[in-house]
Amino acid sequence: LGRRWSAALSLFTTGVSMLICSALVDQWEAQAAVFMIGRFSATFAMNVGFLFIVEVLPTQLRGQGISLVNVMSMLAQMLSPYIVYSSVLSNIAPFLMMGLIGLLAAVPGLFLPETAGTSLPDSLEELEGFGRHERFFWAPVCGAKRRYRTSKDQSGAEMVGNTNWQTDLTD
């Protein structure tokens with residue numbers, strides 16, 4: 001599926017499973033099973049996220065980007081007891097909070113370029129054209145042929161998006 005869709009689908013699965021858990025408060029066996037699916041999906045999303053950030057950021061920013069991601073994950077760890085403590089208000093509050101966070105987190109990563117099967121940017125200049133001509137719904141399982149959008153040139157002939165994104169910088 002590639003990094004982009006793997007991250008989005010696993011976060012979406014996490015969100016949906018946590019929302020299902022909120023409906024299964026009286027059935028602890030079913031809730032535990034659905035919760036484990038959500039926990040697996042959250043762990044998968046975290047691992048894909050760490051890989052994805054290393055690939056998307058150019059070499060010049062990679063160290064700073066990874067540091068920022070680590071700081072944000074530590075901040076989330078510091079806030080997690082408050083999510084657990086929200087169960088004092090309602091038994092379903094932690095599941096609702098985690099479900100909504102998972103669903104909201106699934107969306108932004110879809111707008112990043114797919115990193116599978118392409119040269120990764122080394123500088124900020126190379127980052128400008130990276131993923132510019134990719135189709136939104138493309139995934140590596142679709143095949144490389146359909147990866148780039150087509151457009152019409154001045155004569156009306158169809159052109160396929162440039163597969164070498166580094167040459168797009170001269171546009």
Side-chain angles (χ1 to χ4, degrees), residues 1-25 31-141 147 165-166 169:
L1 283 180
R3 307 276 193 267
R4 183 170 59 127
W5 286 102
S6 293
L9 291 176
S10 60
L11 284 167
F12 182 78
T13 303
T14 300
V16 169
S17 63
M18 292 299 121
L19 292 176
I20 291 171
C21 282
S22 69
L24 298 174
V25 174
Q31 187 184 43
V34 174
F35 178 80
M36 292 309 292
I37 292 169
R39 177 66 180 144
F40 172 78
S41 298
T43 302
F44 184 77
M46 187 179 73
N47 289 329
V48 170
F50 278 117
L51 287 173
F52 200 25
I53 197 71
V54 169
E55 292 179 353
V56 168
L57 290 176
T59 306
Q60 293 175 339
L61 295 177
R62 196 165 293 140
Q64 294 172 352
I66 291 170
S67 296
L68 179 64
V69 168
N70 283 329
V71 167
M72 291 297 128
S73 70
M74 288 178 200
L75 181 64
Q77 289 174 8
M78 288 188 303
L79 295 176
S80 64
Y82 295 106
I83 294 175
V84 174
Y85 184 71
S86 69
S87 66
V88 170
L89 301 172
S90 170
N91 286 341
I92 64 171
F95 295 116
L96 292 175
M97 292 166 94
M98 293 301 296
L100 292 175
I101 289 170
L103 291 176
L104 290 174
V107 176
L110 289 174
F111 296 100
L112 292 172
E114 179 58 60
T115 57
T118 186
S119 299
L120 301 175
D122 287 325
S123 67
L124 291 174
E125 292 79 26
E126 291 176 0
L127 184 64
E128 290 179 19
F130 187 57
R132 187 184 332 169
H133 298 292
E134 287 184 349
R135 294 178 189 261
F136 181 76
F137 290 106
W138 182 83
V141 295
R147 181 173 191 156
W165 58 267
Q166 290 176 332
L169 297 174

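Everything quoted here is computed from the prediction, not taken from an experiment.
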Between CZ of R62 and OG of S67, what distance do you get to the nearest 0.5 Å?
-> 13.0 Å
Can you sort out the partners of V84 under side chain to side chain contact (heavy atoms under 4.5 Å, CB included), two or more places apart, ordered by chain and number?
-> none
What's the spacing between Q31 CD and M18 CE if we round to 0.5 Å?
-> 9.0 Å
Non-neighbouring partners of S80 that pass side chain to side chain contact (heavy atoms under 4.5 Å, CB included), sequence neighbours left out | none
Closest non-hydrogen contact found for V34 with S17 is CG1-O, 3.3 Å
Which distance, rounded to the nearest 0.5 Å, do you find between the CZ of R4 and the CG of L9?
-> 10.5 Å
Can I get a per-line list of side-chain donor-acceptor pairs under 3.5 Å for residues 43-50, giving both atom names and the distance, sequence neighbours left out?
residue: T43; atom: OG1; partner: R39; partner atom: O; Å: 3.0
residue: N47; atom: ND2; partner: T43; partner atom: O; Å: 3.3

Excluding sequence neighbours, so at least two apart, what forms side chain to side chain contact (heavy atoms under 4.5 Å, CB included) with A93?
-> S86, S90
Are the side chain of S22 and the backbone of L96 linked by a donor-acceptor contact shorter than 3.5 Å?
-> no
State the CE-OG distance between M78 and S73, to the nearest 0.5 angstrom.
-> 10.0 Å
Nearest-0.5 Å distance that lies between atom CZ in F35 and atom OG1 in T14 | 10.0 Å
Value for CE (M97) from OH (Y82), rounded to nearest 0.5 Å, stands at 11.5 Å
Got a sec, which residues hit side chain to side chain contact (heavy atoms under 4.5 Å, CB included) with L103, two or more places apart in sequence or on another chain?
-> F12, V16, L19
